[in-house]
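Notes follow once the structure below has been shown.
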Amino acid sequence: MMTYLLDDLEAQDLVLRRPDPRDRRARQVVLTETGRARLGEVRRSLASAEARLLADLTDGDAEQLRVLLSRVAQTAQRELVAPHEMKC
């Protein structure tokens with residue numbers, strides 16, 4: 001699955017795969033200039049959307065929300081890696 005994602009990113013000139021100088025059997029994935037520019041655009045867009053969504057919260061409330069959402073995301077990630085059987 002990762003290979004397909006990298007293929008797509010490389011086709012869009014966002015990343016480049018090159019041999020690892022320490023181990024020619026391995027590949028390094030590096031951002032291209034196009035990839036760096038696109039990443040900057042996405043980060044700015046995300047920051048703008050976040051600012052709009054959190055505009056009515058205090059700085060403390062916004063930080064608390066980020067912390068809580070991060071904890072929920074960590075739990076969700078663990079569930080994806082090692083799902084527990086649901087008991088009905």
Side-chain angles (χ1 to χ4, degrees):
M1 183 162 170
M2 181 66 81
T3 301
Y4 297 122
L5 176 60
L6 291 173
D7 288 344
D8 289 346
L9 293 171
E10 197 168 36
Q12 296 174 52
D13 190 36
L14 299 174
V15 299
L16 175 66
R17 286 179 274 200
R18 64 181 179 202
D20 185 328
R22 295 167 292 179
D23 181 355
R24 294 276 178 194
R25 296 169 295 173
R27 298 276 183 237
Q28 291 180 336
V29 178
V30 295
L31 281 173
T32 62
E33 287 302 317
T34 302
R36 272 188 205 63
R38 182 68 182 125
L39 181 59
E41 292 168 9
V42 169
R43 284 180 172 163
R44 286 187 295 278
S45 179
L46 179 60
S48 177
E50 183 179 283
R52 287 191 311 274
L53 289 172
L54 303 181
D56 291 336
L57 300 180
T58 66
D59 289 345
D61 287 344
E63 182 58 27
Q64 183 178 16
L65 178 61
R66 287 184 193 96
V67 168
L68 293 172
L69 289 173
S70 177
R71 288 170 52 191
V72 169
Q74 289 170 2
T75 301
Q77 183 64 35
R78 281 194 307 271
E79 287 293 317
L80 285 174
V81 172
H84 296 90
E85 290 187 24
M86 299 277 297
K87 295 184 180 184
C88 297

Connected via hydrophobic side-chain network under 4.5 Å: [X] and [Y]:
X   : Y   : answer
L16 : L31 : no
L69 : L46 : no
V15 : L39 : yes

Regarding [X] and [Y], does a basic nitrogen lie under 4.0 Å from an acidic carboxylate oxygen?
X   : Y   : answer
R66 : E50 : yes
R17 : D7  : yes
R36 : E33 : yes

Quick check for you: to the nearest 0.5 Å, what is the distance between T58 atom OG1 and E63 atom CD?
10.5 Å
Using only atom types and a distance under 3.5 Å, with no angle test, would you say the side chain of T32 pairs donor to acceptor with the backbone of L14?
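Yes, T32 side chain to L14 backbone: donor-acceptor pair under 3.5 Å.
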More than 12 heavy atoms from other groups under 6.0 Å of CG on D56
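Incorrect, the count does not exceed 12.
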R27 to P19 - nearest heavy-atom pair and separation:
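Heavy atoms only, the tightest pair is NH1-CG, 3.1 Å.
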Between A62 and L54, the two heavy atoms sitting closest are CB-CD1, 4.0 Å
If we count only N and O atoms by modelled type, under 3.5 Å, do the side chains of R38 and T34 hold a donor and an acceptor together?
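Not at all, the side chains of R38 and T34 share no donor-acceptor pair under 3.5 Å.
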Are side-chain heavy atoms of L5 and M2 found at a separation under 4.5 Å?
yes
